[in-house]
Amino acid sequence: MNLITLIIQMILTIPLTIILNCFKSKENRRLNQILIPSIYIIIIAALFPMVKENIYLIVIFEIFIRNFYITNITNQDVEISNIMFIFENLISIALSLFTYNYFIGAVETVIPTPEDIKPFVWFLMILYIANLYKISSKNKVEKEKNKTKTRKKEQIIMQYAKYKNMYSPYIKSKNATINNLTYAIMIHNNYQTPKFYRNINAYIGAVTKKETEYGIMKVKSYNHISDEESIKITISNFEKVLKNTKLKESEQIDRLLKDYKLENQQDIISIYKNIIEFEKK
């Protein structure tokens with residue numbers, strides 16, 4: 001190793017010191033202090049092959065310069081006496097030696113040849129294709145979800161139009177929230193228990209004389225109640241719950257659903273929102 005190479009390496013120490021100082025306050029500071037010097041000497045060896053002999057000395061020179069700066073200029077002797085500071089420097093030197101012996105000094109040129117790059121290129125291609133497949137699958141799932149959501153919304157609106165045509169004479173509350181929520185519960189209940197099954201439950205209740213849920217609004221009673229009667233009873237109960245109250249729309253819904261004691265309340269609220277959105281058009 002000649003003197004000129006040594007001088008150039010000492011000069012190249014300055015950029016490394018500046019780089020490390022820039023990363024001093026960043027996250028993963030200790031990891032940066034350990035890894036950056038080795039990465040730096042690899043890049044320098046690739047750009048300036050004539051100075052790659054014993055290029056790990058750049059790391060050692062940088063540590064000496066940093067120690068000199070800390071002790072003589074900033075007067076922070078405590079920092080360099082810190083066990084972690086010493087440990088970081090030792091690991092940094094060991095890693096740079098390892099990098100030089102097995103990655104820089106052992107090869108003719110640090111810059112990879114086309115043959116060296118082939119496996120990496122194939123890896124990137126496979127990674128890219130896998131990512132394309134992942135995105136495509138995700139888009140397909142999202143598209144299917146949107147289709148299902150749109151289809152469900154259309155079914156809700158069709159049911160709403162049907163029930164409004166059938167039961168609007170019985171849903172005449174002055175409170176629009178009560179009316180729309182009644183339709184939402186009606187649609188939900190019909191999904192859960194279609195009319196055929198409601199008729200079977202009503203027949204069993206009439207025979208056993210036990211309390212049974214009657215009508216589309218599932219009103220509990222010992223006597224048979226029609227769909228229309230169940231709607232009237234529910235509207236009446238809702239108006240009693242909200243009587244003399246000044247609640248916002250969302251608060252009214254929460255209060256009514258809590259009083260109605262029905263499961264899957266979020267499903268009902270979702271149906272309610274679809275109805276409101278349709279009515280605003």
- Message: Can you confirm whether the side chains of Y272 and E249 place a donor and an acceptor under 3.5 Å from each other?
- Response: yes
- Item | Derivation and outcome, side-chain hydrogen bond (donor to acceptor under 3.5 Å, both in side chains), residues Q252 and N175 | CA-CA 10 Å; Q252 290 182 41; N175 188 329; 2.8 Å; yes
- Query: Looking only at heavy atoms, which two atoms of T182 and I231 are closest? And how far apart?
  - Reply: CG2-CG2, 4.4 Å
- Message: Is there a side-chain contact between L97 and I93 in this structure, where contact means two heavy atoms from C-beta onward sitting under 4.5 Å apart?
- Response: yes
- Is atom CE of M166 surrounded by more than 12 heavy atoms (other residues, nucleotides or ligands) closer than 6.0 Å? yes
- Item | Evaluation steps, side-chain contact (heavy atoms from CB on, under 4.5 Å), between V219 and Y214 | CA-CA 5 Å; V219 176; Y214 288 102; 5.6 Å; no
- Task: State, yes or no, whether a side-chain contact exists between R151 and T148 at a heavy-atom distance under 4.5 Å.
- Result: yes
- Do Q265 and D254 get their side chains close enough for a donor-acceptor pair, meaning under 3.5 Å? no
- In terms of heavy-atom contacts, K210 and Y222 come closest through C-CD2, 3.8 Å
- Item | Criterion side-chain contact (heavy atoms from CB on, under 4.5 Å) on K149 and K152, from CA distance to verdict | CA-CA 5 Å; K149 191 176 179 181; K152 187 175 181 181; 5.8 Å; no
- Message: Donor-acceptor pair, distance only, cut-off 3.5 Å: does the side chain of S136 make one with the backbone of L132?
- Response: no
- Task: List in chain and number order the residues that pass ring pair (Phe, Tyr, Trp, His ring centres under 6.0 Å) with F98, two or more places apart in sequence or in another chain; answer none if no residue qualifies.
- Result: Y102
- Message: Are Y56 and F103 linked, directly or through intermediate hydrophobic residues, by side-chain heavy-atom contacts shorter than 4.5 Å (ILVMFWY only)?
- Response: yes
- Might you point out which heavy atoms bring A45 and I104 nearest each other, and give the distance in Å? CB-CG2, 3.8 Å
- Query: Are Y128 and M125 side-chain neighbours, meaning at least one heavy-atom pair lies under 4.5 Å?
  - Reply: no
- So which heavy atom on H188 is nearest to which on I268, and how close? CG-CG1, 3.7 Å
- In terms of hydrophobic clusters joined by side-chain contacts under 4.5 Å, are V141 and Y133 together? no
- Closest heavy-atom pair, Y100 versus K52, reported as atoms and distance to 0.1 Å, is CE1-O, 3.0 Å
- Pairwise side-chain contact, I41 with S96, heavy-atom cut-off 4.5 Å (strictly under): yes
- Message: Nearest 0.5 Å, please: how far is CD1 in I7 from CG in L12?
- Response: 12.0 Å
- Query: If Ile, Leu, Val, Met, Phe, Trp and Tyr residues are connected whenever their side-chain heavy atoms lie under 4.5 Å apart, and connections chain through other members, are F278 and I156 in the same group?
  - Reply: yes
- Interatomic distance, E211 atom CD to N223 atom CG [nearest 0.5 angstrom]: 10.5 Å
- Crowding at CD1, I4 (>12 non-hydrogen neighbours, <6.0 Å): no
- Going by distance alone, is a donor N or O of one side chain under 3.5 Å from an acceptor N or O of the other, for S230 and K218? no
- Message: Tell me whether K174 is salt-bridged to E239, with the criterion being a basic N under 4.0 Å from an acidic carboxylate O.
- Response: no
- Message: Does this structure show an ion pair linking K147 with E142, if we count only N-O contacts that are shorter than 4.0 Å?
- Response: no
- Message: Can you give me the closest heavy-atom contact between A184 and I275, atom names plus distance?
- Response: N-CD1, 3.8 Å
- Query: Quick one: ring pair (Phe, Tyr, Trp, His ring centres under 6.0 Å) partners of Y163, sequence neighbours excluded?
  - Reply: Y167
- Item | Transitive ILVMFWY side-chain link I43 to Y40, under 4.5 Å | yes
- Message: Please determine whether side-chain hydrogen bond (donor to acceptor under 3.5 Å, both in side chains) holds for the pair N190 and R198, giving the CA-CA distance in whole Å, both sets of side-chain angles, and the decisive distance to 0.1 Å.
- Response: CA-CA 9 Å; N190 190 64; R198 293 201 302 272; 3.2 Å; yes
- Between the CG atom in N2 and the CE atom in M50, the distance rounded to the nearest 0.5 Å is 11.5 Å
- Item | Atom pair CG/CD1 of N180 and I185 - distance to nearest 0.5 Å | 11.5 Å
- Item | Spatial distance of atom CD (E62) from atom CD1 (I36) [nearest 0.5 Å] | 10.0 Å
- Considering only heavy atoms from C-beta outward, does the side chain of R255 approach that of L242 to under 4.5 Å? yes
- Message: Does any part of the side chain of I55, heavy atoms only, come nearer than 4.5 Å to the side chain of T99, both counted from C-beta?
- Response: no
- Item | ILVMFWY cluster, L31 and F87 together (side-chain gap under 4.5 Å) | yes
- Item | Intermediate values then yes/no, salt bridge (charged side-chain N to carboxylate O under 4.0 Å, His left out), E279 and K164 | CA-CA 12 Å; E279 287 291 342; K164 194 168 186 179; 3.1 Å; yes
- Message: Show, in sequence, the C-alpha distance, side-chain angles and deciding distance for F64 and T13, and conclude whether the side-chain contact (heavy atoms from CB on, under 4.5 Å) test is met.
- Response: CA-CA 10 Å; F64 277 117; T13 301; over 6 Å; no
- Report the C-alpha separation of I216 and K195 in whole Å, then their side-chain angles, then the decisive distance to 0.1 Å, and conclude whether the side-chain contact (heavy atoms from CB on, under 4.5 Å) test is met. CA-CA 8 Å; I216 196 167; K195 190 173 182 67; over 6 Å; no
- Query: Are any of the side-chain heavy atoms of V59 and S92 separated by less than 4.5 Å?
  - Reply: yes
- Are L257 and L181 close enough that some pair of their side-chain heavy atoms sits under 4.5 Å apart? yes
- Which distance, rounded to the nearest 0.5 Å, do you find between the CD of E229 and the OG of S221? 9.0 Å
- Query: Can you list the residues that meet the ring pair (Phe, Tyr, Trp, His ring centres under 6.0 Å) rule with Y183, with sequence neighbours excluded?
  - Reply: Y160
